[in-house]
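Here's the structure, in C-alpha cells; my notes come after.
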Amino acid sequence: MIIYNKTWLTNLSLQRSVKAHHQAGHITTEELKRVETAYPVGFYMPGIFARVGFFILTCICLSFSSGLLTLMLIDAHVSDTFGWIMFLGLSCYIVLEIMVKTKHYFGSGIDDALLYTAAGMLGGGFVWLISDSKLSDNSAAIAVSLFFCVLAIYLTLRFADMLTSVAAGFSFLALVFFSWQYAGSFAMATTPFIMMIASVVLYSTLTLISKKPVAVYYANNWLGWPLRSRQLL
Amino acid sequence: MAENYDFYQKLHTDGLIGDESFAKITERHLHPLVSVHREVKAILYLGILLLTTGLGILIYKNIDSIGHQIILLLIAVISGGCFYYCFKKRRPFGTGKVQSPNAFFDYILLLGTITLVTFVGYIQYQYNIFGSHYGLATFIPMLALFYIAYYFDHVGILTMAIINLGLWMGVSVTPRQLLLEGTFNSQPVINAYITFGLLLIAAALASQKFRFKSHFKFTYYHYGVHVTFISLLAGYFFNYNIGGAAFWLFGVFGLAGIVAYDAQKNRQFYFVLLCVLYGYFALSCLIVQMLTSVQNSDPFGILLIYFTASPVALIITLIHLNKKLKSA
C-alpha cells in the first residue's frame with residue numbers, strides 16, 4: 001500500500017534512533033557514520049527551509065498551470081462542471097505518484113504541495129458535485145464526510161502524511177456525527193456520548209495499530225524528527 | 001522498545017559500534033530516563049509570559065484604585081530584583097559565546113528586561129517624561145536593550161533591541177506623519193528602513209569579521225536581509241508609476257547577489273533560499289511590468305506560461321544548489 005521503499009523507511013527509523021543516541025553522547029561520530037552507510041536511506045529529504053521554499057514554488061507552478069489549462073479549454077465550457085476540477089486533482093495525483101516513484105521525494109515540499117493540491121481538488125470537486133445534486137442537507141454532509149474520510153485514509157496509507165491523517169480522523173468523527181443525526185430528537189440528546197464513544201474507538205484502534213510492526217513505516221515525519229530525546233530506545 | 005535494543009545488539013555483533021558505546025546503550029536500556037528538559041523550559045517561558053500579561057491586565061483593571069506611583073514602584077522593584085539577581089549570578093563578559101550560569105538565568109533576565117521596557121513606556125505615557133521627543137523615548141530603551149543583550153549574551157533580548165532600533169529609526173524620521181496618519185507608505189520611511197536593514201547586515205558582517213559575539217550574526221543577518229529586501233520592494237511599488245522604478249529591483253538583484261555569495265561561503269542554505277525567492281519575486285515584477293506596458297497586447301497567456309515554467313526551473317536550480325552546499 002505504501003508508496004515508499006520499505007527498507008529505506010525501516011533504515012530511516014533506525015538511523016533516527018542512532019542519531020538520538022549520538023546526540024546523547026552514547027555513540028561516537030565514526031560509529032554513526034558506519035551505521036549510516038550500513039543502513040542507507042535513499043530518499044530526497046531536504047531541510048526545513050528548502051522544504052518551505054519548494055512548497056511555495058510548487059504551489060505557484062500548480063496554480064498557474066491549472067489556470068493555463070483551464071484558459072486554453074475555456075471555450076469548450078470544461079470549467080462549468082465539477083468534473084474538470086476533479087480531473088485536475090487526478091492529474092496532480094498522477095504527477096505526484098510519478099515524482100515520488102522516480103525521484104524518491106519524501107517530505108521534500110514538492111510532494112507535499114502536490115499531495116495537498118490533489119486532495120483539495122478532488123475533495124472540492126466532490127463538494128461541487130454534491131451541491132449540484134438534490135440531496136437533503138444531512139445526506140449531503142454524510143456523503144461529503146464519507147468521501148473525505150475514504151480519500152484521506154487512502155492518502156495517509158499511501159503517503160504516510162501527517163495532515164491527511166488528521167483530516168481522516170476529523171472526517172471520521174464528522175461522518176459519525178452526521179450519520180447519528182438521522183435518529184431525530186433522540187440523536188440530539190445522545191450525540192455527545194456517541195462522539196465520546198467514537199473518539200475512544202478511534203483512539204484505541206490507532207493505539208493497537210501503532211504497536212504493530214507496520215507502524216514503523218508511518219512514523220511521524222512532520223518537520224523532520226522533532227522528538228529526538230523520546231526516540232532513545 | 002525491546003526490538004530496538006535487539007537492533008543495537010546486532011550492530012554490536014556486526015562490529016558497527018564499539019564495546020564502550022554498547023555498554024552505554026545497555027545502561028540506558030536497563031535504566032531508561034525520561035527527559036522533561038523541554039517541558040520545564042516551556043513552562044518557565046509560559047510562566048513569565050503569563051505573569052507579565054496577568055499583571056498588566058490586573059493593573060489595567062484596577063488603575064483607579066491603585067495609583068500610578070505604586071504601580072511604577074512595583075514594576076521597578078520586579079525589574080530591579082531581576083537585574084540584581086542577574087548581576088550577581090552572571091559569568092564574566094567574553095567576546096565569544098558565554099554560557100548562562102543556570103537554566104533560570106535567561107528567563108529571569110527576560111522578565112527583568114520586559115519589566116524595564118514596560119517601566120519606560122509607562123512613565124512616558126503617564127508623565128510624559130520625554131515630552132514629544134519620541135526619538136529619545138525609544139532611543140534610551142534601545143541603548144539599554146543592546147547593552148543587556150551584549151553584557152549578558154542573550155539572543156532574545158538582541159531581537160528586542162533590533163526591533164527597538166527599527167522603531168527608533170522609523171519614529172525619528174517622520175514622527176508626525178506616523179502618529180497622525182498611521183501610514184508607513186512614504187519615501188522617507190522606506191529610505192530609513194533600507195538604511196536600517198543595511199545597518200543590520202553591516203553589524204552581522206562586522207560581528208563575524210571581528211569575532212565579537214559572532215553567534216549574534218545570524219540574528220542580525222536574518223532581520224537585516226528581510227528588512228532590506230522588503231523595503232527595496234516597497235520602494236519599487238511606491239514608485240511604480242514613476243519612471244525608473246525598476247532601479248529598485250536592480251537593488252534587490254544586487255543585494256541578492258551579495259548575500260548569496262556570503263551564504264555560499266558560510267554554507268547557509270537558508271539565506272541562499274531567501275535570495276532566490278526574493279530575486280524571483282523581483283524578476284517576476286519586472287517581467288509583469290514590462291509585458292503590461294507594451295501597448296495593444298494581451299500578455300495574460302505569456303504570463304501564465306512564465307509562471308508555470310519558472311518555478312520548475314527554480315526548483316531544479318535550488319535542488320542543485322542545495323546538493324552543492326551539502327557536498328562542499
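Proteins get letters first, then strands, A, B, ... in listed order; numbering begins at 1 in each.
By the 4.5 Å heavy-atom criterion applied to side chains, B:Ile17 and A:Val18 are not counted as neighbours. Taking the side chain as every heavy atom from C-beta outward, B:Tyr280 and A:Ile56 never approach each other to under 4.5 Å. For the pair B:Ile319 and A:Phe54, the minimum side-chain heavy-atom distance is below 4.5 Å.
Scanning both residues, A:His26 and B:Ile25, for their nearest heavy atoms gives CB-CG1, 4.1 Å. The shortest non-hydrogen separation linking B:Gly301 to A:Leu68 is O-CD1, 4.2 Å.
Residue A:Phe87 qualifies as open at atom CZ: its count of foreign heavy atoms under 6.0 Å is 12 or below. Applying the 6.0 Å contact sphere to CZ of B:Phe237 captures more than 12 heavy atoms from other residues, nucleotides or ligands. Open room surrounds CZ on B:Phe104; 12 or fewer heavy atoms of other groups in view lie less than 6.0 Å from it. Within a 6.0 Å radius of CD in B:Glu20, no more than 12 heavy atoms belonging to other residues, nucleotides or ligands are found.
In terms of heavy-atom pairs under 4.5 Å with chain A, the best-connected choice from B:Leu318, B:Ile315, B:Leu303, B:Asp14 is B:Ile315. Interface summary for chain B: among A:Leu32, A:Leu71, A:Leu57, A:Ile27, the most heavy-atom pairs under 4.5 angstrom belong to A:Leu57. Of the listed residues (A:Gly67, A:Gly53, A:Ala50, A:Ser63), the one with the most heavy-atom contacts under 4.5 Å to chain B is A:Ala50.
Relative orientation of the A:Phe49 and B:Tyr270 rings is tilted, given thresholds of 30° and 60° on the angle between their planes.
At a 4.5 Å heavy-atom cutoff, A:Ser66 makes no contact with chain B through either its backbone or its side chain. When heavy atoms are compared at a cutoff of 4.5 Å, B:Phe300 approaches chain A solely by way of its side chain, counted from C-beta outward.
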